[in-house]
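Since the structure comes first, as structure tokens, the remarks are kept for the end.
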Amino acid sequence: MIHNIIFDMGNVLIHWRPELFMERMELPQEDRRLLMEEVFGSVEWIQLDRGSIPFDQGIAAMCRRLPERLHSTARELTLRWWKDHLLPVDGMAELVRELKEMGLGIYLLSNAKLDLPLYFDQIPGSEYFDGRIVSADWKLLKPQPELYQVLLREYGLKAEECFFIDDLNINIEAAILTGMSGTIFRGLEPLRQALRQAGVPLKDSAV
């Protein structure tokens, strides 16, 4: 029986669309391309998610590959991408509340940087979470099974009682290898259906 629901963050609870960040900053197309490649697509971005390098080191490496005119923008995007661009996925706050009111444990398992506490209260349903495991805190990244094991160990959870929701199939596969069940997030209604199929007695539509 499922007693705990584990949520990924990006493209599950919030939209993760870096191109929108730059669109709102009204950057020229060529600058957007450079920033997508050298900031969001960089090795340093992954290393920051793993917590294996400090922010200043990562940003300095990104800036060495960028023209000087983009250095301040690269720093802003790395440190404060969430400040004006955190877009909730419609209906997820209500679903988290509904699941919590059913008595289920609610947890976050996310590849994210050390600054997540600065914006966690903006995440849909954050007030209902019983715990969170963030990759940078543990120097591990999904889909490494060790990160899933950290979640189970830190909160005393049984894998077979956990249902994991993520937007990437490789991360769901890792959860299954750890003993959990789960589903790829493809929207609110498909998720509600998948939860019902897993034995979570949701109603046909949100309350």
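Everything numeric here is computed off the predicted structure, so don't read it as measured data.
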*Heavy atoms only: give me the nearest P190-R186 pair and the separation to one decimal.*
CG-O, 3.8 Å

*Look up atom CG in L109 and atom CD1 in I165, then write down how far apart they are to the nearest 0.5 Å.*
11.5 Å

*Nearest-0.5 Å distance that lies between atom CD in E23 and atom CD in Q29*: 9.5 Å

_Check: L202 and L99 side chains under 4.5 Å, non-hydrogen atoms_ = yes

_Would you say L152 ends up clustered with I176 if hydrophobic residues are merged whenever their side chains have heavy atoms under 4.5 Å apart, either directly or through other cluster members?_
yes

*Check W16 against G10 and note the closest heavy-atom contact, atom names and distance.*
CB-CA, 4.2 Å

*Sequence neighbours left out, what passes ring-ring contact (aromatic ring centres under 6.0 Å, His included) with Y107? Give chain and number order.*
Y155

*In one Ile/Leu/Val/Met/Phe/Trp/Tyr side-chain cluster, 4.5 Å: I2, I184*: no

*What about V150 and L116, same hydrophobic cluster or not, with Ile/Leu/Val/Met/Phe/Trp/Tyr joined at side-chain heavy-atom distances under 4.5 Å?*
no

*At what distance, to the nearest 0.5 angstrom, does NZ of K139 lie from CD of Q144?*
13.0 Å

_Would L70 and V39 count as a side chain to side chain contact (heavy atoms under 4.5 Å, CB included) here? Give the steps._
CA-CA 11 Å; L70 293 179; V39 176; over 6 Å; no

*Please tell me if the side chains of L48 and M62 come closer than 4.5 Å, counting only heavy atoms from C-beta onward.*
yes

*Same cluster for L141 and L108 if Ile/Leu/Val/Met/Phe/Trp/Tyr side chains link at under 4.5 Å?*
no

*Listed by chain and number, what are the salt bridge (Lys or Arg N to Asp or Glu O under 4.0 Å) partners of E146, not counting sequence neighbours?*
none

*In Å, rounded to the nearest 0.5 Å, how long is the span from CZ of F185 to CZ of F164?*
13.0 Å

*asked:* Using side-chain heavy atoms (C-beta onward) and a distance below 4.5 Å, is M92 in contact with L191?
replied: yes

*asked:* Less than 4.5 Å apart, side chain to side chain, heavy atoms only: is that true for L77 and M22?
replied: yes

_Given L157, L151, N4, I172, the one that forms side chain to side chain contact (heavy atoms under 4.5 Å, CB included) with M180_ = L151

*Within-4.5 Å side-chain heavy-atom neighbours: S135 and L147*: yes

_Counting only heavy atoms not in R33 (residues, nucleotides, ligands), do more than 12 fall under 6.0 Å from its CZ?_
yes

*Hey, are the side chains of L104 and F163 touching, using non-hydrogen atoms and a 4.5 Å cut-off?*
no

*What residue pairs, at least two apart or across chains, pass salt bridge (Lys or Arg N to Asp or Glu O under 4.0 Å) with a residue in residues 64-79?*
D31-R69, E38-R65, E44-R65, D56-R75, E76-R80

_Sequence neighbours excluded, every pair satisfying salt bridge (Lys or Arg N to Asp or Glu O under 4.0 Å) that has a member inside residues 120-135_ = K100-D130

_Gap between atom CZ of F129 and atom CD1 of I6 - 0.5 Å precision_ = 9.0 Å

*Is R196 reaching over with its side chain to a backbone N or O of K203, donor-acceptor style, under 3.5 angstrom?*
yes

_Side-chain heavy atoms under 4.5 Å apart, restricted to Ile/Leu/Val/Met/Phe/Trp/Tyr: what other residues fall into the cluster of L168, or is it alone?_
I170

*Would a 4.5 Å heavy-atom cut-off, applied to side chains only, mark T183 and L195 as touching?*
no

*Say you draw a straight line from CD1 of I123 to CZ of F7; how long is it, rounded to the nearest 0.5 Å?*
12.5 Å

*Identify the heavy atoms of L66 and L35 that sit nearest to each other, and give their distance.*
CD1-CD2, 4.1 Å

_Within the structure provided, determine whether R17 and L87 are in side-chain contact (heavy-atom separation under 4.5 Å)._
no

*Tell me whether I5 is reachable from V89 by hopping between hydrophobic residues (I, L, V, M, F, W, Y) whose side-chain heavy atoms are closer than 4.5 Å.*
yes

*With K142, the side chain to side chain donor-acceptor pair (under 3.5 Å) member among D8, D49, N111*: D8

*Between C63 and A74, which heavy-atom pair has the shortest distance, and what is it?*
SG-CB, 4.3 Å

*asked:* List the residues meeting ring-ring contact (aromatic ring centres under 6.0 Å, His included) with Y119, not counting sequence neighbours, and say none if there are none.
replied: W81, W82

*Using the side chain to side chain contact (heavy atoms under 4.5 Å, CB included) rule, pick out the option among L177, N169, N171 that qualifies with E173.*
L177

*Walk me through it: do T78 and W45 pass the test side chain to side chain contact (heavy atoms under 4.5 Å, CB included)?*
CA-CA 8 Å; T78 303; W45 191 268; 4.1 Å; yes

